[in-house]
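Because the structure is predicted, anything quoted here is derived from the model rather than measured.
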Amino acid sequence: MSNNNHLPDGQGPEGFAEVAAIIAKEELGYIALSDANYESMDNNVTSESGAILEHGEPQAFRAALPEVPLLLSSTYDPQQCADAITAGFADGIMLARQMLADPEFPYKVLQGRQDEIVWW
């Protein structure tokens, strides 16, 4: 689900979280949060890990949906991933883009070879 359109007159994370709370009444298994909007692509498809956390999207969704599992996109740094889960802002991390950049990503993380990771 898109979580912020990053437009001056658009809808922010609180508005999207409100919509998600209505949808969640139908017993969702999870919500996958994605910054997906063509008009503001420079903000939502950055090469910077964790922008979604800095923008506050998962925090707004967690406040509105405390019982629904949240999956985050655009967070690739292993420590940021762990910190987001520990803080309760996420229950899982989606790594599709990172796995395209480096299919060996999980092995390198598990083996402590982060200096060898191809990021983008």
Discussion item. Measuring only between side-chain heavy atoms, which start at C-beta, is Ile31 closer than 4.5 Å to Pro69?
Written reply: no
Worksheet item: So do Gln59 and Pro13 actually touch side chain to side chain, heavy atoms under 4.5 Å?
Response: no
Practice prompt. Begin from the C-alpha positions of Phe16 and Glu57 and carry the test side-chain contact (heavy atoms from CB on, under 4.5 Å) through to its verdict.
Written response: CA-CA 9 Å; Phe16 281 106; Glu57 287 103 358; over 6 Å; no
Discussion item. Nearest 0.5 Å, please: how far is OH in Tyr76 from CD1 in Ile117?
Written reply: 13.0 Å
Worksheet, complete the sentence: d(Leu72 CG, Ile85 CD1) to nearest 0.5 Å is 8.0 Å
Worksheet item: How would you list, by chain and number, every residue that makes a side chain to side chain donor-acceptor pair (under 3.5 Å) with Glu26, sequence neighbours excluded?
Response: none
Item to complete: Mind checking the OG1-CD spacing from Thr75 to Glu54? Nearest 0.5 Å is all I need.
Response: 9.5 Å
Discussion item. I need the full list of salt bridge (charged side-chain N to carboxylate O under 4.0 Å, His left out) pairs touching residues 5-23, with sequence neighbours left out, sorted by first then second residue.
Written reply: none
Worksheet entry | Shortest non-hydrogen contact between Pro106 and Pro103, atoms and distance | CD-O, 3.9 Å
Fill in: Hydrophobic cluster membership, Leu65 vs Leu28, 4.5 Å side-chain cutoff
yes
Discussion item. Side chains of Asp102 and Trp119, heavy atoms from C-beta outward: is any pair under 4.5 Å?
Written reply: no
Worksheet item: Can you name the closest pair of heavy atoms from Phe89 and Pro58 and give their distance?
Response: O-CB, 3.5 Å
Worksheet item: Got a donor-acceptor contact below 3.5 angstrom from the Gln80 side chain to the Ser49 backbone?
Response: yes
Discussion item. Test of understanding: with side chain to side chain contact (heavy atoms under 4.5 Å, CB included), list the residues that count as partners of Val19, not counting sequence neighbours.
Written reply: Met1, Gln11, Ile23
Practice prompt. Answer with yes or no whether the side chains of Ser74 and Arg97 bring together a donor and an acceptor at under 3.5 Å.
Written response: yes
Worksheet entry | Lys108 side chain vs Glu116 backbone, donor-acceptor pair below 3.5 Å | yes
Worksheet entry | Pairs satisfying salt bridge (charged side-chain N to carboxylate O under 4.0 Å, His left out), at least one member in residues 62-85, at least two apart | Arg62-Asp91
Worksheet item: Which heavy-atom pair separates Ala60 from Ala17 by the least distance, and what is that distance?
Response: O-CB, 3.8 Å
Response to the item:
dist Cys81:SG -> Gln98:CD (nearest 0.5 Å) comes out at 9.0 Å
Worksheet item: Can you name the side chain to side chain donor-acceptor pair (under 3.5 Å) partners of Gln114, sequence neighbours left out?
Response: none
Worksheet, complete the sentence: Going by chain and number, the hydrophobic cluster around Tyr30 (ILVMFWY, side chain to side chain under 4.5 Å) further includes Leu71, Met94
Worksheet item: Do Ser73 and Leu33 have side-chain heavy atoms sitting under 4.5 Å apart?
Response: no
